[in-house]
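By convention here, the first residue in the shown sequence is residue 1. Order of listing sets the numbers, starting from 1, for every ligand and every atom in it.
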Amino acid sequence: MSLTNIPLAGVIGSPIVQSRSPQVHGHWLKTYGIRGHYIPMNVAPDDLENVIRTLPRMGFVGVNVTLPHKEAVMQIADLVTDRAILIGASNTLIFRKDGKIHADNTDGYGFLENLKTGAPGWQPKAGPAAVLGAGGAARAVIASLLDAGVPEVRLSNRTRVRAEKLRSDFGSRVRIYDWVQAGNMIDDAALLVNTTSLGMMGKGELRVPLDGLGPQTIVTDLVYAPLKTRLLETAEQIGCVTVDGLGMLLHQAVPGFERWFGQRPVVDRATRAAALR
Ligand code: NAP
């Protein structure tokens with residue numbers, strides 16, 4: 001059905017207007033002079049399988065996947081990477097030339113790259129990481145932290161049973177704290193990560209007590225709207241190195257772009273500016 005050899009990629013979700021991926025990939029296509037297109041597509045859950053099976057025949061080389069399809073696409077894919085299985089979700093599909101659909105998850109990669117870039121002094125083995133939240137993003141963050149060699153992940157979530165599920169999936173290096181005692185897990189942590197949606201524009205504020213937070217702890221927030229959350233603001237005042245969440249969004253896009261368009265893109269200031277436009 002494809003009429004040209006121009007590669008097409010895009011992002012599927014519902015809703016899709018909030019996605020910044022089209023700006024990011026569009027910026028890279030332009031920067032590297034690649035003849036390709038990246039298209040946002042609103043796809044209802046009932047249409048998901050049909051759409052995914054049709055896209056390769058229309059010239060698509062792959063797509064990013066966002067809510068609510070990140071789990072469902074794994075049932076449709078022919079090959080799913082180990083890390084996507086471990087995380088339980090996929091955000092990147094590659095439509096291979098042999099007709100097979102390959103599902104991967106690059107969120108953990110994006111998280112770690114952002115952390116390493118924003119806090120080059122961070123050493124995974126330096127000490128425990130304290131993680132707030134146990135949703136989909138937390139799974140990717142925890143998988144990547146454990147993989148990087150963090151000795152202990154302290155985990156706290158409002159709904160404790162969700163944290164317990166992560167402990168049973170990821171093993172004994174994950175230690176659970178009650179949500180009302182989340183402040184206690186911050187003392188002597190080398191890293192503090194907010195993976196809850198608290199602090200995001202239009203959501204509530206994160207109210208975990210930060211009395212135990214000292215300047216030796218690196219603090220990062222997955223929330224990127226606003227860029228400087230109250231957590232990051234407080235941490236900065238204490239003297240902590242802080243890393244905002246926008247870089248994770250940009251870095252997680254790198255592997256997909258490289259696979260689809262054959263060029264490894266660089267995440268730089270111009271990429272950040274493009275995402276914020
Ligand atoms: P999710 O699966 O819906 O999980 C939401 C998390 O926030 C859960 O842990 C939930 O706790 C917690 N939460 C929500 N409202 C709360 C409240 N009032 N009090 C306490 N905890 C609350 O969402 P997700 O996909 O993990 O995403 C989480 C955040 O990360 C979002 O803000 C998302 O935009 C951001 N994110 C950023 C990137 C990036 O590239 N920077 C990537 C992925 C996600 P319960 O389990 O108790 O409900």
Side-chain angles (χ1 to χ4, degrees), residues 11 13-21 23-25 64-73 83-84 87-92 105-118 130-145 153-167 169 174 176-183 185 192-209 219-232 242-257 267 271-272 275-276:
V11 54
S14 188
I16 202 63
V17 280
Q18 81 295 346
S19 174
R20 297 188 191 224
S21 297
Q23 286 100 303
V24 175
H25 288 269
N64 284 126
V65 183
T66 187
L67 301 177
H69 303 315
K70 284 179 155 194
E71 289 89 21
V73 291
R83 62 187 161 195
I87 293 164
S90 164
N91 69 341
T92 306
N105 190 310
T106 64
D107 275 338
Y109 166 84
F111 168 74
L112 269 193
E113 283 303 301
N114 185 38
L115 184 58
K116 287 182 200 162
T117 311
V131 176
L132 300 166
R139 293 187 74 90
V141 166
I142 292 171
S144 69
L145 287 174
V153 170
R154 299 172 177 174
L155 175 62
S156 188
N157 192 51
R158 175 182 61 177
T159 311
R160 189 179 164 109
V161 62
R162 249 180 138 182
E164 279 163 1
K165 173 80 173 81
L166 263 74
R167 188 178 189 282
D169 290 350
V174 177
I176 300 171
Y177 286 66
D178 259 356
W179 184 241
V180 285
Q181 288 168 350
M185 69 179 188
L192 170 62
V193 190
N194 175 39
T195 78
T196 74
S197 43
L198 294 172
M200 193 170 151
M201 234 177 262
K203 304 271 176 180
E205 277 303 337
L206 182 69
R207 305 218 178 272
V208 170
V219 181
T220 183
D221 202 327
L222 265 56
V223 170
Y224 55 82
L227 265 183
K228 196 177 281 186
T229 58
R230 197 180 295 173
L231 169 66
L232 295 185
T242 62
V243 184
D244 70 48
L246 183 63
M248 174 175 170
L249 180 86
L250 306 179
H251 283 284
Q252 64 78 29
V254 169
F257 189 91
V267 173
T271 320
R272 277 178 75 87
L276 293 171

Do [X] and [Y] have side-chain heavy atoms sitting under 4.5 Å apart?
| X | Y | value |
| --- | --- | --- |
| Leu166 | Ile142 | yes |
| Tyr224 | Arg20 | yes |
| Leu198 | Leu132 | no |

Suppose we measure from [atom] to each protein heavy atom; which comes out shortest, and what is that distance?
| atom | answer |
| --- | --- |
| atom 6 (C) of ligand 1 | Thr196 CA, 3.9 Å |
| atom 34 (O) of ligand 1 | Met200 SD, 4.2 Å |
| atom 48 (O) of ligand 1 | Arg158 NH2, 2.9 Å |
| atom 14 (C) of ligand 1 | Ser197 OG, 3.4 Å |
| atom 19 (N) of ligand 1 | Leu198 CD1, 3.4 Å |
| atom 4 (O) of ligand 1 | Gly135 CA, 3.5 Å |
| atom 27 (O) of ligand 1 | Ala137 CB, 3.9 Å |
| atom 28 (C) of ligand 1 | Thr195 O, 3.1 Å |

Taking atom 24 (P) of ligand 1 as the reference point, report whether a protein heavy atom occurs under 4.0 Å from it.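 Protein heavy atoms within 4.0 Å of atom 24 (P) of ligand 1 - there is at least one.
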Flag atom 12 (C) of ligand 1 as yes if some protein heavy-atom distance to it falls below 4.0 Å, otherwise no.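 Under 4.0 Å from atom 12 (C) of ligand 1, at least one protein heavy atom found.
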Identify, by atom number and element, the atoms of ligand 1 in contact range of [X], meaning under 4.0 Å from any of its heavy atoms.
| X | value |
| --- | --- |
| Gly245 | 39 (C), 41 (N) |
| Gly133 | 9 (O) |
| Val223 | 32 (O) |

Which heavy atom in [X] sits nearest to a heavy atom in [Y], and how many Å separate them?
| X | Y | answer |
| --- | --- | --- |
| His25 | Phe257 | ND1-CD1, 3.3 Å |
| Gly118 | Val243 | C-CG2, 3.8 Å |
| Gly133 | Asn157 | CA-OD1, 3.3 Å |

Please determine if [X] and [Y] form a salt bridge, counting it only when a charged side-chain N lies under 4.0 Å from a carboxylate O.
| X | Y | answer |
| --- | --- | --- |
| Arg160 | Asp178 | yes |
| Asp169 | Arg139 | yes |
| Arg167 | Glu164 | no |
| Asp107 | Lys70 | yes |

Please compare Thr159, Asn91, Val161, Thr106 and report which has the shortest non-hydrogen distance to atom 45 (P) of ligand 1.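 Going through Thr159, Asn91, Val161, Thr106 one by one, Thr159 has the nearest heavy atom to atom 45 (P) of ligand 1.
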Applying a heavy-atom cut-off of 4.0 Å, say which part of Asn157 lies close to ligand 1: side chain, backbone, both or neither.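 Looking at Asn157 and ligand 1, just side chain atoms fall under 4.0 Å.
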Check each heavy atom of Leu222 against ligand 1 and say whether those closer than 4.0 Å belong to the side chain, the backbone, both or neither.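 Both of them.
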Determine yes or no for a side-chain-to-main-chain donor-acceptor pair under 3.5 angstrom, with Thr66 supplying the side chain and Gly13 the backbone.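 Checked: no pair found.
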Quick one: does [X] get within less than 4.0 Å of ligand 1, heavy atoms only?
| X | value |
| --- | --- |
| Ala134 | yes |
| Phe111 | no |
| Asp107 | no |
| Arg162 | yes |

Give yes or no for whether the N/O distance cutoff of 3.5 Å, strictly under, is met between Gly136 and ligand 1.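 Such a contact does occur with ligand 1.
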Greater than 12 external heavy atoms within 6.0 Å of Arg272's CZ: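 Atom CZ in Arg272 is crowded, with more than 12 foreign heavy atoms closer than 6.0 Å.
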Does Tyr109 have its ring centroid less than 6.0 Å away from the ring centroid of His251?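 Centroid separation for Tyr109 and His251: 6.0 Å or greater.
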